[in-house]
There are 2 protein chains.
Amino acid sequence: MVSIKDIAKKAGVSISTVSYALNGSNKVTDETSSKILAIAKELNYVPNAAARNLKKRETKIVGVFLTDFRGDVYGDLLHGMKEISNLQGYDLIVCSGEQSHKMLPERMIDGAIILDQMFASEELLKYADLGHKIVVLDRELDHPNINQVLLDNKAGATLAMEHLIELGHKKIYVVTGPEGSYDSMQRMKAVRMVSERSHDVECIEISGNFEKTGGEKAAEQIIAEYKEPVAVFCLNDEMAIGLWNRISETDLKIGEHIHLIGFDNIELAGYMQPRLSTINYSKQKWGALAAEQLLKLLSGDTVENERIYVTLVRGESANRV
Amino acid sequence: MVSIKDIAKKAGVSISTVSYALNGSNKVTDETSSKILAIAKELNYVPNAAARNLKKRETKIVGVFLTDFRGDVYGDLLHGMKEISNLQGYDLIVCSGEQSHKMLPERMIDGAIILDQMFASEELLKYADLGHKIVVLDRELDHPNINQVLLDNKAGATLAMEHLIELGHKKIYVVTGPEGSYDSMQRMKAVRMVSERSHDVECIEISGNFEKTGGEKAAEQIIAEYKEPVAVFCLNDEMAIGLWNRISETDLKIGEHIHLIGFDNIELAGYMQPRLSTINYSKQKWGALAAEQLLKLLSGDTVENERIYVTLVRGESANRV
DNA sequence: TTGTACGCGTTATCAG
DNA sequence: CTGATAACGCGTACAA
């Protein structure tokens, strides 16, 4: 590996001169500087990140932690984060799995954005205590080094419920996310609130998992209990699709017997026939805002917790009874 | 930041003893070892990655380079890579954009997997010359430090073409990928080969871009020229969907007037009505194999170039004329 | 303008 | 078994 030492030797100068020249300092003659640069190029010199990081005590990298690389939601989200990060001279890397958690405390990255239920809150708080900057997208954590950028889950769930009720539905199945999911819990709170103030509406909870399988399982129960047209609010689109798949195997029709609404507006939702009703929000903006907040934290600014707004997408999967 | 020096001071031993204890060497009494470990925990000691990397000259991280985080193909692919990497004690990070290219030469990562047409081959060869290990999934490069794991594009394109011909089609539009795309070029080679040996088949090339917009544009031309049922082979599913969308706005029906086949078998393909015919391959296996090859390169083993096999998925988007 | 010397945190070598 | 010391590559205050 060629280091500044090698360049110094070849150029007949000291390593500090090389370092100055490489970093464009004006402490070096243009002549020697250009000579050094030429030699550096000739020797294929590349600075060593580890050495630089060790000295500068920062890496100019932010890490995003996801539960899994699969899932339609992530693409735009990451795109938004990357744009903002790059703009400010930071690189963005995506990590997944418990093994990579150590990257934050070991200072491989300068900060982290968390969208991974498997990343325990206690662990995050521990890192925050050590001075690491974190933005969470999937929970609420009160700590000066942690900022949260959350979806307006309550507004979204309320929109969905009120939409179904407005369409005249009196019996609504609600398929939840996995236990412990912040998004699921928030959405359920809103669901129950709407349910309580709508006395003539029967609300039946089915526990799900935010995956297709959860929707399929819920479908079983709904099919078994079916007497007359009902409404179903799946707390995310993925489950709505799973439920849809299972329903398709029966004589029941989505939008006619089963009136369905989801949450997330994933790409697939737009291609279902009839179109899946759902709750939409800008994933890219969400990512961008998260990155923005993290960078502010890193530069020592104070930041407010932000919220991402949501809207109703009226498809034909839920209609008037 | 607490370092081994702090621990050494507090424990009244030297830093080397601390290092040994921390790394579980048997050169230390159990007594001092456990004392040191206790102090380390008490002080919230976390080793510094930069210092370790600097010394050990490796990071135990492999990087994957993608053009863009969006795109359905990546999820399973990355999942496959991560599984294999983690199994061998490596972390996997996902990078995108030119800014992050430097991570390889700067030794932030031990090796790279490339699926990014924007990552120039000359650049890759330069890094390979410097001794860096690379696996490419989107081109052919002959270099001892570079291994390639490629799709069997020719087999796939041949399967698709022969399927359409077998169904009795005499006029086949082929929508290509962007210029310079290796996958597109390989698939086109096979298309032309089949076309040449099928004298009664007319083959019309339309240049695309592997994105929805390419399919939409191709649709315009096909609609304008439409006289009787024709077949279309979009060199990837994304374009097939784009084409589909545009066709849906006309009176023409997919599977009846326009007989369509794609390539990739993305999730959405399975949800189109009628189901999109396409070429399938295991994305997870592809990723796993890529990671495997990279790890072999890193451990100095010699590796053969591998190929990912493909199969035909018969949907109802292409039928007998 | 250039060179010297030290620090960053870890590991490895060599003495004791 | 333990300790002192020297790398690793880079950045920078300070001295020349």
Side-chain angles (χ1 to χ4, degrees), chain A residues 1-37 39-40 43-61 102-110 130-132, chain B residues 1-37 39-40 43-61 102-110 130-132:
Chain A
M1 221 172 63
V2 35
S3 77
I4 54 171
K5 220 181 265 180
D6 304 306
I7 301 180
K9 200 179 293 174
K10 182 141 190 175
V13 298
S14 81
I15 57 164
S16 49
T17 310
V18 174
S19 179
Y20 286 136
L22 255 30
N23 293 328
S25 161
N26 54 358
K27 298 181 156 193
V28 186
T29 335
D30 280 357
E31 193 186 359
T32 36
S33 182
S34 60
K35 186 173 119 194
I36 289 171
L37 257 41
I39 293 180
L43 294 184
N44 283 314
Y45 167 76
V46 182
N48 179 303
R52 178 167 17 85
N53 298 342
L54 182 58
K55 180 67 188 173
K56 304 197 71 169
R57 303 164 137 286
E58 65 172 7
T59 63
K60 286 286 175 188
I61 299 176
K102 60 177 172 8
M103 288 191 170
L104 184 60
E106 290 191 352
R107 299 178 177 275
M108 189 91 225
I109 55 181
D110 289 349
L130 291 173
H132 299 287
Chain B
M1 222 171 64
V2 35
S3 76
I4 54 171
K5 222 180 262 178
D6 304 305
I7 302 179
K9 200 178 293 175
K10 183 141 190 174
V13 298
S14 80
I15 56 164
S16 32
T17 309
V18 175
S19 178
Y20 285 136
L22 256 29
N23 295 325
S25 161
N26 54 357
K27 297 182 155 193
V28 185
T29 335
D30 280 359
E31 192 187 358
T32 35
S33 182
S34 60
K35 184 172 120 194
I36 288 171
L37 258 40
I39 294 180
L43 296 182
N44 281 314
Y45 166 76
V46 182
N48 179 304
R52 179 171 10 90
N53 297 342
L54 180 59
K55 184 66 188 171
K56 303 196 72 167
R57 304 165 136 297
E58 65 172 8
T59 63
K60 287 288 177 187
I61 299 176
K102 60 177 172 8
M103 288 191 170
L104 184 59
E106 289 191 352
R107 298 175 178 278
M108 188 92 225
I109 55 180
D110 289 349
L130 291 173
H132 298 287

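Protein atom OH of Tyr45(A) is 10 Å distant from nucleotide atom P of dG9(D), rounded to whole Å. We find that CD of Glu58(A) is positioned 13 Å from C1' of dG11(D), with the value rounded to whole Å. In this structure, CG of Asn48(B) is placed 14 Å from C1' of dC10(D), rounded to the nearest angstrom. Lys5(B) has its NZ atom 10 Å from the P atom of dT10(C), to the nearest Å. The distance between atom NZ of Lys102(A) and atom P of dG9(C), rounded to the nearest whole Å, is 19 Å. Whole-Å rounding puts the Ile4(A) CD1 to dG11(D) C1' distance at 8 Å. Taking atom CG of Leu22(B) as the reference point, atom P of dT2(D) lies 15 Å away to the nearest angstrom. Note: CD1 (Ile15(B)) to C1' (dC14(C)) measures 14 Å, nearest angstrom.
Mapping Ala51(A) and Ser14(B) onto DNA chain D via the closest heavy atom, the residue that lands nearer the 5' end is Ser14(B). For the pair Ser16(B) and Arg57(B), nearest-nucleotide mapping onto DNA chain D gives the more 5' position to Ser16(B). Both Leu54(B) and Lys27(A) lie near DNA chain C, and the one whose nearest nucleotide falls closer to the 5' end is Lys27(A). Both Thr32(A) and Tyr20(B) lie close to DNA chain C; mapped to their nearest nucleotides by heavy-atom distance, the more 5′-ward contact belongs to Thr32(A).
In this model, no side-chain donor or acceptor of Thr17(A) finds a partner on the base of dG3(C) within 3.5 Å. The base of dA12(C) is not paired with the side chain of Lys55(B) by any donor and acceptor separated by under 3.5 Å.
Within the structure, every side-chain polar atom (N or O) of Lys56(B) is placed at least 4.0 Å from both OP1 and OP2 of dA12(C). Phosphate proximity of dC1(D) to Thr29(B): absent, as no side-chain N or O sits under 4.0 Å from OP1 or OP2. OP1 and OP2 of dC8(C) both lie 4.0 Å or more from every side-chain N or O belonging to Asn53(A).
The minimum heavy-atom distance between Asn48(A) and Met1(A), with the atom names listed, is ND2-CE, 3.3 Å. Minimum heavy-atom separation, Leu43(B) to Val2(B): O-CG1, 3.4 Å. Contact between Asp110(A) and Lys60(A) at its shortest, heavy atoms only, is OD2-N, 2.7 Å.
For the pair Arg107(B) and Glu58(B), the salt-bridge criterion is not met [side-chain N within less than 4.0 Å of a carboxylate O].
Of the inter-residue distances, the one linking Asn26(A) atom CG with Tyr20(A) atom OH reads 10.5 Å to the nearest 0.5 angstrom.
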